[in-house]
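Because the structure is a prediction, the values reported are computed rather than measured.
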Amino acid sequence: MSVLDSSALSRLIESESASADPQAATTIQILHNLQHQHFWTSLQIHDISGSSDGLEVNIKDSPRTLISGIPPHRVYTHPDEQLYMLEKAITEDDLQPERVFVIPTAQGQKWSLRRMAMAFDALASLENTIGNEIDATDATADPDKAEKLGQYYEKKRQAKVTKEWGTRRALLAMTNRDMGGDGTVVYYIVQEGEVKPRQN
């Protein structure tokens, strides 16, 4: 491979006709990173550009895409959820994988609370559309474990409504593209609204 040959990622961005659109190129780069570096499956790009609550949104101010996929391991477990799992003797290996949403961004890109709120509004409607229904019936042959898993999933559904196990979450994926950046992607957990401080 000569110095002038482009990388597989560069060829992918060019093949997707995103080379002229920095936001689209960032989305494809992060999707590529999730798939090939972190081994996520069932990856999808969701177009969320357009209007929000009937108001036209300035395209510069609003995020245009979200990525969703299934990571090989859980990304985050709320401490109260973790305690419930310990009490019921449920391990992460017992649980079915869950779809996680990712907000693609690049280092130096400006974010405001309004822009983040728009991303979470879009995420809420996507969660309702895609859903994340879990079938605990075939999770295990052990009837006692199956019952505990059934209780866990029911508790999880209730906790989602009451926000007992935290608010809606996503990963903010930030790629380094400034001044010849190496394309490293860093992931931050972001949560909607205020997060209650924990007392140790």
Side-chain angles (χ1 to χ4, degrees), residues 9 12-13 16-35 37-38 40-71 74-78 81 97-133 156-178 181 183-198:
L9 179 58
L12 175 65
I13 290 171
E16 297 287 334
S17 301
S19 56
D21 181 356
Q23 285 191 1
T26 297
T27 300
I28 291 171
Q29 179 181 355
I30 291 168
L31 181 123
H32 185 270
N33 181 267
L34 289 168
Q35 182 179 11
Q37 297 293 319
H38 299 287
W40 284 36
T41 57
S42 303
L43 285 160
Q44 297 176 22
I45 297 175
H46 307 279
D47 181 6
I48 60 168
S49 60
S51 62
S52 173
D53 297 331
L55 300 172
E56 279 304 313
V57 177
N58 183 343
I59 201 75
K60 290 181 189 173
D61 293 338
S62 66
R64 297 191 350 222
T65 57
L66 290 176
I67 300 170
S68 72
I70 299 176
R74 293 188 79 163
V75 173
Y76 176 84
T77 303
H78 189 276
E81 179 181 4
E98 294 181 359
R99 184 165 291 277
V100 175
F101 287 87
V102 179
I103 304 167
T105 187
Q107 184 178 4
Q109 196 172 352
K110 294 189 177 171
W111 279 82
S112 64
L113 289 176
R114 177 181 178 199
R115 188 169 188 206
M116 191 61 75
M118 283 191 248
F120 275 108
D121 288 347
L123 195 148
S125 67
L126 280 173
E127 282 181 339
N128 292 336
T129 304
I130 294 174
N132 205 5
E133 288 304 311
K156 188 166 182 76
R157 280 190 271 285
Q158 292 172 3
K160 187 174 183 177
V161 173
T162 63
K163 299 183 175 150
E164 180 182 349
W165 289 348
T167 56
R168 188 173 284 111
R169 289 181 281 283
L171 288 180
L172 182 69
M174 184 177 294
T175 183
N176 179 7
R177 297 185 66 159
D178 287 340
T184 299
V185 181
V186 180
Y187 297 90
Y188 301 93
I189 295 172
V190 291
Q191 300 189 63
E192 182 179 33
E194 295 180 6
V195 179
K196 182 177 86 172
R198 304 273 318 157

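Scored by the salt bridge (charged side-chain N to carboxylate O under 4.0 Å, His left out) test, R168 finds E127, E192 as partners (sequence neighbours excluded). Evaluation of the side chain to side chain donor-acceptor pair (under 3.5 Å) rule for Q35 yields no partner, not counting sequence neighbours.
Once rounded to the nearest 0.5 Å, the distance linking CD of Q158 with CH2 of W165 reads 9.0 Å. Once rounded to the nearest 0.5 Å, the distance linking OH of Y188 with CG of L172 reads 8.0 Å. L113 CG to M116 CE: the interatomic distance, rounded to the nearest 0.5 Å, is 8.5 Å. Atoms CD1 and OG1, from I103 and T27 in turn, are 11.5 Å apart once rounded to the nearest 0.5 Å. Taking CD of Q37 as the start and CD1 of I30 as the end, the distance is 13.0 Å to the nearest 0.5 Å. Of the inter-residue distances, the one linking I28 atom CD1 with I45 atom CD1 reads 5.5 Å to the nearest 0.5 angstrom.
Across all their heavy atoms, A173 and V102 have their closest contact at CB-CG1, 3.5 Å. Shortest non-hydrogen contact noted between V75 and P71 is CG2-CG, 3.8 Å. In terms of heavy atoms, Y187 sits closest to N33 at OH-OD1, 2.6 Å. The shortest heavy-atom contact between R169 and L123 is O-CD1, 4.2 Å. Here the closest heavy-atom approach between residue L31 and residue I67 is recorded as N-CD1, 3.8 Å.
By the 4.0 Å N-to-carboxylate-O rule, E164 lies too far from K156 to be salt-bridged with it.
You'll find the side chain of L171 stays beyond 4.5 Å of the side chain of Y76, heavy atoms only. Proximity of T65 to P104: side-chain heavy atoms (C-beta onward) are separated by under 4.5 Å at one or more points. Between E98 and I70, every side-chain heavy-atom pair lies at or beyond the 4.5 Å cut-off. In this structure the side chain of V190 reaches within 4.5 angstrom of the side chain of F120, judged on heavy atoms. Put simply, the side chain of W111 does not reach to within 4.5 Å of the side chain of M174, judged on heavy atoms. Under the 4.5 Å side-chain criterion, counting only non-hydrogen atoms from C-beta, L66 is in contact with L126. Counting only heavy atoms from C-beta outward, the side chains of H46 and F101 approach each other to under 4.5 Å.
T105 and Q109 are linked by a side-chain donor-acceptor pair at a separation below 3.5 angstrom, with hydrogens and angles left out of the test.
A donor-acceptor pair under 3.5 Å is formed between the side chain of R115 and the backbone N or O of K110.
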